[in-house]
Amino acid sequence: MNETIALEVLRYNPDTDREPHFQRYAVPYRDEWVVLDALTHIKDQLDATLCFRWSCHMAVCGSCGVMINGEPKLGCHAFLRDYRNGVVRVEPLDHFPIERDLVIVMDDFMAKLSSVEPYLLVDAAKPLGEGEHLQTPAELNLFKQYAQCINCLLCYAACPQYGLNEGFVGPAALALAHRYNLDSRDTGKDRRAEVVASNEGVWECSFVGACSAVCPKGVDPAAAIQQTKVSASLDWFKAFLLPGGRK
Amino acid sequence: MAKSNKPLLWLPFASGGLVAAFILPVLILITGLLVPLGVVHLPYERMFAFAHNPLGKLVLFGVVALPAWHAAHRLRMTAHDLGLGGGLAVRLICYGAAWLMIAISAAALLVI
Amino acid sequence: MSRRPYLRKIERHWWLRHRRYVVYMVRELTSLFVALYCALLVDGLVRLAQGQAAWEGFVAAISSPLGVLFQLLCLVFATFHSITWFAVTPKAMPVMVKGEAVPPWTIVTAHYAVWAALSLLVLVAAGV
Ligand code: SF4
Ligand code: FES
(Lines give C-alpha, C1' and ligand atoms only; values in the text may rest on other atoms or scores of the structure.)
(Ligands and ions follow the chains in the order given, each with its own letter.)
Protein backbone atom coordinates (compact mmCIF):
# COMPACT_ATOMS: atom_id res chain seq x y z
CA MET A 1 0.00 0.00 0.00
CA ASN A 2 2.90 2.36 -0.67
CA GLU A 3 1.71 3.41 -4.08
CA THR A 4 1.80 7.15 -4.64
CA ILE A 5 0.34 9.40 -7.27
CA ALA A 6 1.86 12.65 -8.51
CA LEU A 7 -0.11 15.87 -8.26
CA GLU A 8 1.02 18.98 -10.10
CA VAL A 9 -0.72 21.90 -8.51
CA LEU A 10 -0.69 25.44 -9.86
CA ARG A 11 0.63 27.74 -7.14
CA TYR A 12 0.30 31.50 -7.00
CA ASN A 13 1.07 33.69 -4.03
CA PRO A 14 0.19 37.32 -4.79
CA ASP A 15 2.71 38.50 -2.19
CA THR A 16 5.76 36.75 -3.57
CA ASP A 17 5.05 35.34 -7.04
CA ARG A 18 5.13 37.31 -10.24
CA GLU A 19 3.18 34.59 -11.98
CA PRO A 20 1.74 31.14 -11.25
CA HIS A 21 3.92 28.04 -11.44
CA PHE A 22 3.38 24.32 -10.95
CA GLN A 23 4.51 22.51 -7.84
CA ARG A 24 4.74 18.73 -7.71
CA TYR A 25 3.65 16.60 -4.77
CA ALA A 26 3.67 12.83 -4.25
CA VAL A 27 0.48 11.77 -2.49
CA PRO A 28 -0.48 8.30 -1.25
CA TYR A 29 -2.76 6.57 -3.71
CA ARG A 30 -6.11 5.37 -2.35
CA ASP A 31 -8.80 3.80 -4.47
CA GLU A 32 -11.53 5.67 -2.64
CA TRP A 33 -9.82 9.06 -2.65
CA VAL A 34 -10.96 11.97 -4.73
CA VAL A 35 -8.67 14.79 -5.85
CA LEU A 36 -9.98 16.90 -2.98
CA ASP A 37 -8.72 14.25 -0.54
CA ALA A 38 -5.31 14.44 -2.16
CA LEU A 39 -5.29 18.24 -1.83
CA THR A 40 -6.33 17.94 1.81
CA HIS A 41 -3.50 15.47 2.37
CA ILE A 42 -1.03 17.94 0.89
CA LYS A 43 -2.33 20.74 3.08
CA ASP A 44 -2.37 18.64 6.27
CA GLN A 45 0.84 16.64 5.78
CA LEU A 46 3.08 18.22 3.19
CA ASP A 47 2.54 21.91 2.65
CA ALA A 48 0.21 23.97 4.82
CA THR A 49 0.49 26.98 2.52
CA LEU A 50 -1.63 25.43 -0.22
CA CYS A 51 -4.93 27.27 -0.67
CA PHE A 52 -8.14 25.85 -2.06
CA ARG A 53 -11.88 26.07 -1.43
CA TRP A 54 -14.13 23.26 -0.35
CA SER A 55 -16.92 22.59 2.07
CA CYS A 56 -19.32 19.70 1.61
CA HIS A 57 -17.14 16.98 0.03
CA MET A 58 -20.31 15.66 -1.62
CA ALA A 59 -20.96 17.67 -4.78
CA VAL A 60 -23.51 19.93 -3.16
CA CYS A 61 -21.85 23.20 -2.16
CA GLY A 62 -20.14 23.89 -5.48
CA SER A 63 -17.01 25.43 -4.00
CA CYS A 64 -14.31 22.92 -5.00
CA GLY A 65 -14.29 23.42 -8.78
CA VAL A 66 -10.81 23.12 -10.33
CA MET A 67 -9.27 22.20 -13.66
CA ILE A 68 -8.10 18.60 -13.54
CA ASN A 69 -5.89 17.72 -16.49
CA GLY A 70 -7.46 20.58 -18.39
CA GLU A 71 -11.06 19.64 -17.68
CA PRO A 72 -13.25 21.56 -15.22
CA LYS A 73 -14.31 19.21 -12.42
CA LEU A 74 -15.42 19.20 -8.82
CA GLY A 75 -12.43 18.14 -6.75
CA CYS A 76 -14.75 16.08 -4.57
CA HIS A 77 -16.25 14.36 -7.58
CA ALA A 78 -13.09 13.27 -9.39
CA PHE A 79 -11.58 9.98 -8.21
CA LEU A 80 -7.84 9.46 -8.18
CA ARG A 81 -8.44 6.00 -9.62
CA ASP A 82 -9.45 7.59 -12.91
CA TYR A 83 -6.00 9.17 -13.15
CA ARG A 84 -3.91 6.21 -11.93
CA ASN A 85 -0.59 5.72 -13.72
CA GLY A 86 -0.47 9.36 -14.64
CA VAL A 87 0.06 12.82 -13.31
CA VAL A 88 -2.89 14.77 -11.96
CA ARG A 89 -2.61 18.40 -12.98
CA VAL A 90 -4.72 20.62 -10.78
CA GLU A 91 -5.28 24.27 -11.73
CA PRO A 92 -7.74 26.95 -10.74
CA LEU A 93 -10.82 27.23 -12.97
CA ASP A 94 -10.08 28.69 -16.40
CA HIS A 95 -11.20 32.20 -17.35
CA PHE A 96 -11.24 33.52 -13.77
CA PRO A 97 -8.57 35.66 -12.11
CA ILE A 98 -6.52 33.69 -9.59
CA GLU A 99 -6.71 35.06 -6.07
CA ARG A 100 -4.20 32.58 -4.68
CA ASP A 101 -3.28 29.01 -5.65
CA LEU A 102 -6.53 27.25 -6.57
CA VAL A 103 -8.78 30.02 -5.28
CA ILE A 104 -10.41 32.14 -7.98
CA VAL A 105 -12.01 35.57 -7.86
CA MET A 106 -15.69 35.08 -8.54
CA ASP A 107 -16.96 38.65 -8.13
CA ASP A 108 -17.75 38.85 -11.83
CA PHE A 109 -20.02 35.83 -11.66
CA MET A 110 -21.73 37.02 -8.48
CA ALA A 111 -22.56 40.35 -10.13
CA LYS A 112 -23.93 38.61 -13.20
CA LEU A 113 -25.92 36.16 -11.15
CA SER A 114 -27.66 38.92 -9.25
CA SER A 115 -28.21 40.90 -12.45
CA VAL A 116 -30.65 38.25 -13.72
CA GLU A 117 -32.60 38.34 -10.42
CA PRO A 118 -32.63 34.58 -9.88
CA TYR A 119 -35.59 34.44 -7.55
CA LEU A 120 -39.36 34.61 -7.94
CA LEU A 121 -40.51 37.98 -9.23
CA VAL A 122 -44.23 38.63 -8.90
CA ASP A 123 -46.19 41.64 -10.11
CA ALA A 124 -48.68 41.60 -7.30
CA ALA A 125 -48.05 39.45 -4.29
CA LYS A 126 -51.05 37.31 -3.43
CA PRO A 127 -52.41 38.10 0.05
CA LEU A 128 -51.57 35.36 2.53
CA GLY A 129 -55.24 34.66 3.14
CA GLU A 130 -55.69 33.51 -0.45
CA GLY A 131 -53.62 30.44 0.19
CA GLU A 132 -50.53 28.88 -1.34
CA HIS A 133 -49.21 29.20 -4.88
CA LEU A 134 -50.08 25.83 -6.33
CA GLN A 135 -47.91 24.28 -8.99
CA THR A 136 -48.63 21.06 -10.84
CA PRO A 137 -45.94 18.41 -11.38
CA ALA A 138 -46.08 19.25 -15.08
CA GLU A 139 -45.32 22.91 -14.33
CA LEU A 140 -42.49 21.86 -12.04
CA ASN A 141 -41.08 19.55 -14.73
CA LEU A 142 -40.59 22.51 -17.03
CA PHE A 143 -37.74 23.94 -14.96
CA LYS A 144 -36.77 21.34 -12.35
CA GLN A 145 -33.54 20.39 -14.10
CA TYR A 146 -32.30 24.00 -14.10
CA ALA A 147 -32.97 24.35 -10.39
CA GLN A 148 -30.20 21.84 -9.62
CA CYS A 149 -27.42 24.37 -10.25
CA ILE A 150 -24.91 24.68 -7.39
CA ASN A 151 -23.03 27.69 -8.83
CA CYS A 152 -19.81 25.69 -9.12
CA LEU A 153 -18.73 27.65 -12.24
CA LEU A 154 -17.43 24.60 -14.10
CA CYS A 155 -19.57 25.76 -17.02
CA TYR A 156 -17.86 29.17 -17.08
CA ALA A 157 -14.47 27.50 -17.11
CA ALA A 158 -15.58 25.32 -20.03
CA CYS A 159 -17.13 28.16 -22.03
CA PRO A 160 -14.78 29.67 -24.64
CA GLN A 161 -17.16 32.57 -25.20
CA TYR A 162 -16.82 33.60 -21.57
CA GLY A 163 -13.06 33.29 -21.92
CA LEU A 164 -13.06 35.43 -25.06
CA ASN A 165 -15.51 38.02 -23.80
CA GLU A 166 -15.67 38.67 -20.10
CA GLY A 167 -18.85 40.70 -20.57
CA PHE A 168 -20.83 37.58 -21.49
CA VAL A 169 -23.41 36.85 -18.78
CA GLY A 170 -22.53 33.17 -19.11
CA PRO A 171 -24.10 29.73 -18.81
CA ALA A 172 -25.18 29.28 -15.19
CA ALA A 173 -26.66 32.77 -14.76
CA LEU A 174 -28.59 32.45 -18.03
CA ALA A 175 -29.77 28.96 -17.09
CA LEU A 176 -31.02 30.26 -13.75
CA ALA A 177 -32.79 33.16 -15.44
CA HIS A 178 -34.47 30.59 -17.67
CA ARG A 179 -35.38 28.52 -14.63
CA TYR A 180 -37.35 31.41 -13.12
CA ASN A 181 -38.80 32.48 -16.46
CA LEU A 182 -40.26 29.00 -16.80
CA ASP A 183 -41.72 29.01 -13.30
CA SER A 184 -45.51 29.28 -13.38
CA ARG A 185 -45.43 31.51 -10.29
CA ASP A 186 -43.00 34.02 -11.80
CA THR A 187 -43.83 37.12 -13.84
CA GLY A 188 -40.35 38.63 -14.20
CA LYS A 189 -39.46 37.39 -17.68
CA ASP A 190 -39.67 40.78 -19.33
CA ARG A 191 -37.58 42.40 -16.61
CA ARG A 192 -34.89 39.74 -16.87
CA ALA A 193 -34.89 40.14 -20.64
CA GLU A 194 -33.11 43.49 -20.18
CA VAL A 195 -30.03 41.45 -19.24
CA VAL A 196 -30.75 38.06 -20.74
CA ALA A 197 -31.68 39.35 -24.21
CA SER A 198 -29.09 42.13 -24.24
CA ASN A 199 -25.99 42.05 -26.42
CA GLU A 200 -24.00 40.48 -23.57
CA GLY A 201 -26.74 37.95 -22.88
CA VAL A 202 -27.72 34.88 -24.85
CA TRP A 203 -26.52 36.35 -28.16
CA GLU A 204 -22.87 35.93 -27.19
CA CYS A 205 -23.40 32.16 -27.06
CA SER A 206 -22.36 30.21 -30.16
CA PHE A 207 -23.74 26.94 -28.82
CA VAL A 208 -20.45 25.21 -28.16
CA GLY A 209 -22.32 23.06 -25.65
CA ALA A 210 -19.29 22.57 -23.38
CA CYS A 211 -21.16 24.00 -20.38
CA SER A 212 -23.71 21.21 -20.46
CA ALA A 213 -21.03 18.59 -21.03
CA VAL A 214 -19.09 19.50 -17.88
CA CYS A 215 -21.97 20.30 -15.51
CA PRO A 216 -21.82 17.92 -12.55
CA LYS A 217 -25.49 18.37 -11.73
CA GLY A 218 -27.05 17.55 -15.09
CA VAL A 219 -28.09 21.14 -15.68
CA ASP A 220 -28.21 21.93 -19.39
CA PRO A 221 -27.28 25.62 -19.69
CA ALA A 222 -26.75 25.32 -23.45
CA ALA A 223 -30.35 24.20 -23.88
CA ALA A 224 -31.61 27.01 -21.64
CA ILE A 225 -29.70 29.58 -23.69
CA GLN A 226 -30.92 28.32 -27.07
CA GLN A 227 -34.51 28.25 -25.79
CA THR A 228 -34.05 31.80 -24.57
CA LYS A 229 -32.78 32.84 -28.00
CA VAL A 230 -35.88 31.38 -29.61
CA SER A 231 -38.30 33.00 -27.19
CA ALA A 232 -36.45 36.32 -27.14
CA SER A 233 -36.54 36.38 -30.93
CA LEU A 234 -40.27 35.69 -30.99
CA ASP A 235 -40.82 38.39 -28.36
CA TRP A 236 -38.73 40.82 -30.38
CA PHE A 237 -40.75 40.25 -33.52
CA LYS A 238 -44.00 40.41 -31.62
CA ALA A 239 -42.99 43.74 -30.15
CA PHE A 240 -41.87 44.91 -33.58
CA LEU A 241 -45.03 43.89 -35.41
CA LEU A 242 -47.66 44.80 -32.88
CA PRO A 243 -48.41 48.51 -32.70
CA GLY A 244 -47.18 50.06 -29.47
CA GLY A 245 -45.23 46.90 -28.70
CA ARG A 246 -41.80 48.52 -28.56
CA LYS A 247 -40.90 50.13 -25.30
CA MET B 1 -28.29 47.05 -20.53
CA ALA B 2 -31.07 46.90 -23.04
CA LYS B 3 -32.73 44.33 -25.19
CA SER B 4 -30.74 43.68 -28.30
CA ASN B 5 -31.82 43.74 -31.92
CA LYS B 6 -29.84 40.56 -32.51
CA PRO B 7 -33.01 38.57 -33.32
CA LEU B 8 -32.87 40.31 -36.68
CA LEU B 9 -29.59 38.49 -37.36
CA TRP B 10 -30.32 35.35 -35.42
CA LEU B 11 -33.74 34.24 -36.67
CA PRO B 12 -32.61 34.13 -40.32
CA PHE B 13 -29.42 32.40 -39.12
CA ALA B 14 -31.43 29.69 -37.40
CA SER B 15 -33.89 29.30 -40.27
CA GLY B 16 -31.00 29.19 -42.72
CA GLY B 17 -29.34 26.47 -40.66
CA LEU B 18 -32.52 24.44 -40.79
CA VAL B 19 -33.01 24.91 -44.53
CA ALA B 20 -29.36 24.09 -45.20
CA ALA B 21 -29.59 20.96 -43.06
CA PHE B 22 -32.66 19.66 -44.85
CA ILE B 23 -31.96 20.64 -48.44
CA LEU B 24 -28.29 21.22 -49.22
CA PRO B 25 -27.01 17.62 -49.00
CA VAL B 26 -29.50 16.32 -51.56
CA LEU B 27 -28.90 19.33 -53.83
CA ILE B 28 -25.16 18.76 -53.72
CA LEU B 29 -25.73 15.07 -54.35
CA ILE B 30 -27.62 15.98 -57.51
CA THR B 31 -25.41 18.75 -58.90
CA GLY B 32 -22.13 17.28 -57.72
CA LEU B 33 -22.62 13.58 -58.39
CA LEU B 34 -25.82 12.56 -60.18
CA VAL B 35 -25.55 15.19 -62.91
CA PRO B 36 -21.86 14.51 -63.62
CA LEU B 37 -22.62 10.76 -63.68
CA GLY B 38 -25.44 11.35 -66.14
CA VAL B 39 -28.08 9.87 -63.82
CA VAL B 40 -29.91 13.18 -63.64
CA HIS B 41 -30.26 15.74 -66.41
CA LEU B 42 -31.00 19.39 -65.87
CA PRO B 43 -32.33 20.52 -69.25
CA TYR B 44 -32.52 24.26 -69.74
CA GLU B 45 -36.25 24.37 -70.53
CA ARG B 46 -37.27 22.50 -67.39
CA MET B 47 -35.00 24.49 -65.09
CA PHE B 48 -36.16 27.73 -66.67
CA ALA B 49 -39.82 26.72 -66.29
CA PHE B 50 -39.25 25.89 -62.64
CA ALA B 51 -37.49 29.19 -61.94
CA HIS B 52 -40.12 31.04 -63.96
CA ASN B 53 -42.94 29.82 -61.75
CA PRO B 54 -43.54 32.23 -58.84
CA LEU B 55 -43.54 29.39 -56.32
CA GLY B 56 -40.35 28.02 -57.88
CA LYS B 57 -38.76 31.47 -57.58
CA LEU B 58 -39.66 31.62 -53.92
CA VAL B 59 -38.25 28.17 -53.22
CA LEU B 60 -35.02 28.89 -55.08
CA PHE B 61 -34.62 32.23 -53.35
CA GLY B 62 -35.15 30.67 -49.92
CA VAL B 63 -32.73 27.86 -50.65
CA VAL B 64 -30.00 30.34 -51.59
CA ALA B 65 -30.66 33.35 -49.35
CA LEU B 66 -31.31 31.66 -45.99
CA PRO B 67 -28.29 29.31 -45.99
CA ALA B 68 -26.13 32.17 -47.29
CA TRP B 69 -27.16 34.26 -44.30
CA HIS B 70 -26.70 31.32 -41.97
CA ALA B 71 -23.16 30.84 -43.24
CA ALA B 72 -22.31 34.54 -43.01
CA HIS B 73 -23.46 34.80 -39.41
CA ARG B 74 -21.69 31.64 -38.35
CA LEU B 75 -18.48 32.65 -40.09
CA ARG B 76 -18.55 35.98 -38.29
CA MET B 77 -18.83 34.19 -34.95
CA THR B 78 -16.08 31.78 -35.95
CA ALA B 79 -13.77 34.62 -36.94
CA HIS B 80 -14.21 35.91 -33.42
CA ASP B 81 -13.51 32.43 -32.00
CA LEU B 82 -10.29 32.27 -33.98
CA GLY B 83 -9.13 35.56 -32.54
CA LEU B 84 -9.68 37.52 -35.74
CA GLY B 85 -11.84 39.96 -33.87
CA GLY B 86 -15.43 40.87 -34.52
CA GLY B 87 -14.76 44.27 -36.00
CA LEU B 88 -16.24 46.12 -38.91
CA ALA B 89 -14.01 44.41 -41.47
CA VAL B 90 -15.14 40.92 -40.47
CA ARG B 91 -18.76 42.02 -40.43
CA LEU B 92 -18.47 43.67 -43.82
CA ILE B 93 -16.87 40.63 -45.41
CA CYS B 94 -19.29 38.08 -43.94
CA TYR B 95 -22.60 39.92 -44.12
CA GLY B 96 -21.53 41.81 -47.25
CA ALA B 97 -20.92 38.54 -49.09
CA ALA B 98 -24.29 37.25 -47.97
CA TRP B 99 -26.08 40.42 -49.08
CA LEU B 100 -24.29 40.23 -52.42
CA MET B 101 -25.46 36.65 -52.95
CA ILE B 102 -28.99 37.55 -51.89
CA ALA B 103 -29.09 40.54 -54.23
CA ILE B 104 -27.66 38.70 -57.24
CA SER B 105 -29.96 35.73 -56.83
CA ALA B 106 -32.97 38.02 -56.43
CA ALA B 107 -31.98 39.92 -59.58
CA ALA B 108 -31.45 36.71 -61.56
CA LEU B 109 -34.80 35.33 -60.42
CA LEU B 110 -36.54 38.56 -61.40
CA VAL B 111 -35.05 38.40 -64.89
CA ILE B 112 -36.04 34.77 -65.41
CA MET C 1 -1.32 40.22 2.46
CA SER C 2 -2.23 42.03 -0.69
CA ARG C 3 -4.70 41.29 -3.41
CA ARG C 4 -3.14 40.94 -6.81
CA PRO C 5 -5.39 38.64 -8.85
CA TYR C 6 -3.65 37.00 -11.77
CA LEU C 7 -5.63 36.45 -14.95
CA ARG C 8 -4.46 33.81 -17.39
CA LYS C 9 -5.75 34.86 -20.80
CA ILE C 10 -7.42 32.31 -23.03
CA GLU C 11 -4.99 31.04 -25.67
CA ARG C 12 -5.58 31.76 -29.30
CA HIS C 13 -5.61 28.06 -30.03
CA TRP C 14 -8.02 27.18 -27.24
CA TRP C 15 -10.07 25.07 -29.59
CA LEU C 16 -7.21 22.61 -30.04
CA ARG C 17 -7.18 21.77 -26.35
CA HIS C 18 -10.01 19.29 -26.27
CA ARG C 19 -11.74 17.04 -28.78
CA ARG C 20 -15.04 18.71 -27.91
CA TYR C 21 -13.78 22.10 -29.10
CA VAL C 22 -12.24 20.66 -32.27
CA VAL C 23 -15.58 19.09 -33.20
CA TYR C 24 -17.21 22.45 -32.49
CA MET C 25 -14.76 24.22 -34.77
CA VAL C 26 -15.34 21.72 -37.58
CA ARG C 27 -19.07 22.22 -37.12
CA GLU C 28 -18.66 25.99 -37.36
CA LEU C 29 -16.45 25.69 -40.44
CA THR C 30 -19.16 23.76 -42.27
CA SER C 31 -20.56 27.25 -42.85
CA LEU C 32 -17.62 28.03 -45.14
CA PHE C 33 -18.71 25.23 -47.46
CA VAL C 34 -22.36 26.17 -47.13
CA ALA C 35 -21.39 29.66 -48.26
CA LEU C 36 -19.27 28.38 -51.15
CA TYR C 37 -22.02 26.08 -52.37
CA CYS C 38 -24.52 28.94 -52.12
CA ALA C 39 -22.19 30.92 -54.33
CA LEU C 40 -22.31 28.05 -56.82
CA LEU C 41 -26.11 28.12 -56.71
CA VAL C 42 -26.13 31.88 -57.26
CA ASP C 43 -23.88 31.37 -60.27
CA GLY C 44 -26.33 28.76 -61.55
CA LEU C 45 -29.23 31.19 -61.26
CA VAL C 46 -27.29 33.88 -63.11
CA ARG C 47 -26.42 31.47 -65.93
CA LEU C 48 -30.01 30.33 -66.10
CA ALA C 49 -31.07 33.94 -66.53
CA GLN C 50 -28.46 34.44 -69.25
CA GLY C 51 -29.91 31.79 -71.52
CA GLN C 52 -29.42 28.26 -72.76
CA ALA C 53 -25.77 28.45 -73.78
CA ALA C 54 -24.74 29.95 -70.45
CA TRP C 55 -26.74 27.32 -68.56
CA GLU C 56 -25.13 24.49 -70.48
CA GLY C 57 -21.75 25.97 -69.65
CA PHE C 58 -22.72 25.90 -65.98
CA VAL C 59 -23.78 22.26 -66.16
CA ALA C 60 -20.49 21.43 -67.87
CA ALA C 61 -18.57 23.29 -65.16
CA ILE C 62 -20.23 21.48 -62.27
CA SER C 63 -19.64 18.20 -64.08
CA SER C 64 -15.92 18.81 -64.54
CA PRO C 65 -13.55 16.84 -62.31
CA LEU C 66 -12.72 19.97 -60.33
CA GLY C 67 -16.38 20.84 -59.95
CA VAL C 68 -17.17 17.34 -58.71
CA LEU C 69 -14.26 17.34 -56.27
CA PHE C 70 -15.30 20.69 -54.86
CA GLN C 71 -18.90 19.60 -54.48
CA LEU C 72 -17.98 16.30 -52.83
CA LEU C 73 -16.09 18.31 -50.25
CA CYS C 74 -19.17 20.50 -49.81
CA LEU C 75 -21.29 17.37 -49.47
CA VAL C 76 -19.18 16.04 -46.61
CA PHE C 77 -19.39 19.31 -44.68
CA ALA C 78 -23.07 19.90 -45.49
CA THR C 79 -23.92 16.44 -44.20
CA PHE C 80 -21.92 17.09 -41.05
CA HIS C 81 -23.88 20.30 -40.66
CA SER C 82 -27.17 18.41 -40.98
CA ILE C 83 -26.17 15.78 -38.45
CA THR C 84 -24.93 18.29 -35.87
CA TRP C 85 -27.90 20.58 -36.47
CA PHE C 86 -30.47 17.84 -35.92
CA ALA C 87 -28.57 16.54 -32.90
CA VAL C 88 -29.02 19.80 -30.99
CA THR C 89 -32.50 20.77 -32.16
CA PRO C 90 -34.22 19.05 -29.20
CA LYS C 91 -32.24 21.34 -26.90
CA ALA C 92 -33.32 24.52 -28.63
CA MET C 93 -36.90 23.43 -29.17
CA PRO C 94 -37.96 20.82 -26.65
CA VAL C 95 -41.46 19.45 -27.06
CA MET C 96 -43.73 18.95 -24.08
CA VAL C 97 -46.70 16.62 -24.35
CA LYS C 98 -49.07 16.46 -21.41
CA GLY C 99 -46.46 17.85 -19.05
CA GLU C 100 -43.80 15.34 -20.03
CA ALA C 101 -40.85 16.14 -22.24
CA VAL C 102 -40.80 14.20 -25.49
CA PRO C 103 -37.50 12.22 -25.47
CA PRO C 104 -34.81 14.06 -27.49
CA TRP C 105 -34.23 10.88 -29.43
CA THR C 106 -37.78 11.03 -30.80
CA ILE C 107 -37.33 14.62 -31.96
CA VAL C 108 -34.04 13.80 -33.65
CA THR C 109 -35.53 10.75 -35.37
CA ALA C 110 -38.43 12.85 -36.62
CA HIS C 111 -35.93 15.25 -38.17
CA TYR C 112 -34.15 12.40 -39.91
CA ALA C 113 -37.48 11.16 -41.26
CA VAL C 114 -38.32 14.61 -42.65
CA TRP C 115 -34.79 14.88 -44.05
CA ALA C 116 -35.16 11.54 -45.86
CA ALA C 117 -38.62 12.40 -47.16
CA LEU C 118 -37.57 15.83 -48.44
CA SER C 119 -34.45 14.42 -50.07
CA LEU C 120 -36.51 11.74 -51.78
CA LEU C 121 -38.97 14.36 -52.98
CA VAL C 122 -36.20 16.48 -54.48
CA LEU C 123 -34.64 13.44 -56.12
CA VAL C 124 -37.94 12.42 -57.68
CA ALA C 125 -38.59 15.98 -58.82
CA ALA C 126 -35.15 16.03 -60.40
CA GLY C 127 -36.14 12.93 -62.32
CA VAL C 128 -34.07 10.16 -60.76
S1 SF4 D 1 -24.91 25.03 -14.45
FE2 SF4 D 1 -23.83 23.18 -13.69
S3 SF4 D 1 -21.65 23.66 -14.12
FE4 SF4 D 1 -22.74 25.61 -14.23
S5 SF4 D 1 -22.58 26.47 -12.17
FE6 SF4 D 1 -24.53 25.36 -12.23
S7 SF4 D 1 -24.03 23.31 -11.46
FE8 SF4 D 1 -22.08 24.28 -11.98
S1 FES E 1 -16.71 20.31 -1.71
FE2 FES E 1 -18.78 20.90 -2.03
S3 FES E 1 -19.02 20.51 -4.14
FE4 FES E 1 -17.05 19.70 -3.75
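Below, each value reflects all heavy atoms present in this structure, side chains not excepted, and no hydrogens, waters or symmetry copies.
For the pair C:L123/B:L34, a side-chain contact is recorded, criterion being any heavy-atom separation below 4.5 Å from C-beta on. Counting heavy atoms from C-beta outward, C:R47 and B:M47 have side chains that stay 4.5 Å or more apart. Contact of the B:Y44 side chain with the C:F58 side chain is not registered, since no non-hydrogen atoms from C-beta on lie closer than 4.5 Å. Between C:Y37 and B:P67 there is no side-chain heavy-atom pair separated by less than 4.5 Å. Annotation: side chain of C:M25 is in contact with side chain of B:T78 (closest heavy-atom distance under 4.5 Å). Using a 4.5 Å heavy-atom threshold, the side chains of B:V26 and C:W115 count as separate. Inter-residue side-chain proximity for B:D81 and C:W14 is flagged as met; some heavy-atom pair is nearer than 4.5 Å.
Taking each heavy atom of B:P25 and C:L75 in turn, the nearest pair found is O-CD1, 3.3 Å. When every heavy atom of B:L82 is checked against every heavy atom of C:W15, the shortest pair comes out as CD2-NE1, 3.4 Å. The minimum heavy-atom distance between B:A51 and C:L48, with the atom names listed, is CB-CD2, 3.7 Å. Closest approach of B:I28 and C:A78 over heavy atoms only: CD1-CB, 3.7 Å.
Contact annotation for C:V76: neither backbone nor side-chain heavy atoms come within less than 4.5 Å of a heavy atom of chain B. Contacts between C:H13 and chain B at a heavy-atom distance below 4.5 Å are absent for every atom of the residue. In this structure, no portion of C:S64 lies under 4.5 Å from any heavy atom of chain B. Of the atoms belonging to C:A60, not a single heavy atom falls under 4.5 Å from chain B. If you measure heavy-atom distances from C:F33 to chain B, you find no contacts under 4.5 Å at all.
B:H70 contributes no side-chain N or O that, together with a main-chain N or O of C:S31, makes up a donor-acceptor pair within less than 3.5 Å.
Chain B forms the most heavy-atom pairs under 4.5 Å with one residue out of C:G44, C:G127, C:G51, and that residue is C:G51.
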